[in-house]
Structure formats: C-alpha cells, structure tokens
Amino acid sequence: MVVIRNSLVLNLASLVFSFPTPIILALLINEIKVFRIKKIFQTISYLPYFLSWVVLAAIFTELLSPQTGIVNYFLSLFGIEPVYFLASKGWFRPVVILTGIWQNVGWSSILYLASIASINPELYEAAEIDGATRFHRALHITLPSITPVVVFCLIMSMGSLLRTNFEQIFNLQNPSIMEVAEVIDTYVYHVGLVSANYGFSTAISLFMNLVGIAMLFIANNVIKKFSEYTLW
Amino acid sequence: MKQKSKLRKASVGSRVFDFFNYGFMIVFCITILYPLWNLVLLSFSTATDSQRLGIHIWIDTWILDAYRYVFSQSMIINAYMNSIFRAAGATILMVITSSLGAYPLSKKE
C-alpha cells in the first residue's frame, strides 16, 4: 500500500541520515577545548527539541514559503527559481528528514557525549605519546568506546521502523502532497478517528506493534553475530 | 618544585580543524537560533513588515497587537492550565512509577 511504502521510505531514509549525525556532532563538540564554549554550543544545539511541532510547522511554513521565505531568498541570490518546498512531492521527504535532524540532533547527541565523557583520559595520553593525531584518536579510541551505546540506539530505532513522528508529519501535511505525505499514523488518524472507524485503527496499531517487536528481535539477533553489545 | 609547563605547539592540521570546527558550530547555531529569533521578531512586527522579503535581523516598529489579540481569547488560560497540568502530572507520575518499576528489574535474580 502507498501508506506503508511512505512510512518505510521515510523511516529508512531518516534512519540513514539521522542516525550518524548525533554521533558526528558529539565527536565535533568533544573536540572543543574551551569548556564554556562547549557548553554554550551544546545548550544551543538541543534547544529545538523542546518546541512542539505545531510551532515548528508554523516556523517552517514561513521559512520555506516561496515569496517571503529566507531559503528561497538565498536561492534567488544565486539565481535559482523559488521552490515551493512544502507543496512539491519531490521535496517533502527531504524537508521532513532535514527538519527531523534539525530538531533531534542536539538531544540525541547528549547521550553520546555523556558516554564519551566517561572514557579514561589515560587512553588518550597513551595514544598521543605513541604519535596518534587527533583524527586517529577520535577514530580509534572514541568511536570504539561508544560502540555499546551506538548499538543499543540502533537496535531501539530498528524497533520503531514503522512509526513516524505523527506530530511532525501531520502538521506539515497539506492536500497537494497527500500521496507522499500520508504515513500509517496519519492514515489511522484520518480513517480511524475522524471517521470513527475504531476497529480499523486498532487493527493497524496492533499490526504496527507486532512488526516493531519482530524487527526488534531480528535486529538483536543479527547484531549478536557481529558484536557482543546486544540487548539480550 | 614548580614544574615548567611545556606548551606544545599544535600542529597545522589541528589548528585548521579547530578553525573549521568553530566555523561549522557557528553556522549550526545560527541555523538553530535564527528561526526562533525570526519568530520573536514576527510576533512584534506589523502586518506589512511580516510580509517583507529577506532576512529579518531587526525591525523598526515594535507593536503588541498580536499579543493583545492572543490574550483577548478566553480559551488561552484554559489551554495553558491544561498543558501545565498535563506536563507536571505526567512527569511526576512517570518518575514515581518508573523508579518503582525499575527496582525489581535491577535485581540480579
């Protein structure tokens, strides 16, 4: 069905792009030596997480609008025609993924920063004596030390493969892009709750839950073959 | 005995990386702060100013009309109290039940 395809595509694409981003941001924030600046950047980066999507949809509708939006203003400076981002089928998925990353990257990076902070600094000093550059240190000490946390987060996000952020998609939808913008959650809302078709919506949520549990088991068993940092 | 601290000169690559790191962080913070600042400016600007094309860094006329309209709606107090009550109650209940539920799960046997 179109709805399941939309859900899966959005989720997989967003997983591919928004899973490594908090890790990279955590590594970059970790490289800042001045403590106060590091804390300031960290605080600013997780500010958008606390905004509700009703507010954020209003912000983005205004920012991405073809006449008065700032993105189209920058594009016009380079001579590109203004693009109506939120009403074009091709641009809807990138907009959803990018705004999702914008909102979540700071919050998700807190977890990785906390686990980076618990790395023994003697490892870094030993590596520096052995002649490792900063990049080597990040690649060979920091990343392997946060592997348990990364694997845990990966398994958890595998379990929610069919679940998208209802608030985000519902608030960014409009009738001209329903073909790509209708995901399982919003479809259940429109058919099940608005038309009072309760049995239908219950059946779909049960289906989603079962698929999620199955994905969790599969992901856990697959990752068990590669490393020992699995859930059970 | 006072130890002489030898300040090792950072390599060129390290300083270039620092430069780009700070630059990227500043751009990132601008992309986070600008939409919020834009929202604040829009809430205080007149109707014609809000349709102006381009980047809004500062506005000339500060108007409270939008706020007057919002606070004249009678449902706003209701909405606020609902939100606060839900958030506070849910947090307290969640913390209590999660900590009670985590205790038996943390036992080894």
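Chain letters run A, B, ... following the sequence lines, proteins first and then strands; every chain starts at 1. Fair warning: this is a prediction, and the values are worked out from it, not measured in the lab.
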May I ask you to decide whether B:Asp18 forms a salt bridge with B:Arg15, counting only side-chain N to carboxylate O separations under 4.0 Å?
no

Verify, without hydrogens or angle tests, whether A:Asn11 (side chain) and A:Arg163 (backbone) share a donor-acceptor contact under 3.5 angstrom.
yes

Heavy-atom cut-off 4.5 Å, strictly under: side chain, backbone, both or neither for A:Ile40 against chain B?
neither

Let's go through A:Thr164 and A:Val96 carefully: what are the C-alpha distance in whole Å and the side-chain angles of both, what is the deciding distance for side-chain contact (heavy atoms from CB on, under 4.5 Å) to 0.1 Å, and is it a yes or a no?
CA-CA 11 Å; A:Thr164 53; A:Val96 165; over 6 Å; no

Set out, in order, the CA-CA distance, both residues' side-chain angles and the distance that settles ring pair (Phe, Tyr, Trp, His ring centres under 6.0 Å) for A:Tyr84 and A:Trp91, then state yes or no.
CA-CA 9 Å; A:Tyr84 200 173; A:Trp91 276 105; over 10 Å; no

Tell me yes or no: between the side chains of A:Tyr49 and A:Ser108, is some donor less than 3.5 Å from an acceptor?
no

Tell me if a side-chain donor or acceptor on A:Asn30 pairs with a main-chain N or O of A:Ala26 at a distance below 3.5 Å.
no

Per-residue contact mode, A:Gln67 against chain B (heavy atom under 4.5 angstrom)
backbone

Identify which part of B:Ile26 has an atom lying under 4.5 Å from any heavy atom of chain A, answering side chain, backbone, both or neither.
both

Give, as side chain, backbone, both or neither, the part of A:Glu62 having an atom under 4.5 angstrom from any heavy atom of chain B.
side chain

Contact part of A:Leu51 toward chain B, heavy-atom cut-off under 4.5 Å: side chain, backbone, both or neither?
side chain

Leading residue by heavy atom contact count with chain B [cutoff under 4.5 Å; candidates A:Leu63, A:Ile44, A:Val55]:
A:Ile44

Heavy-atom cut-off 4.5 Å, strictly under: side chain, backbone, both or neither for B:Ile32 against chain A?
both

Under 4.5 Å from a heavy atom of chain B, the part of A:Phe135 involved:
neither

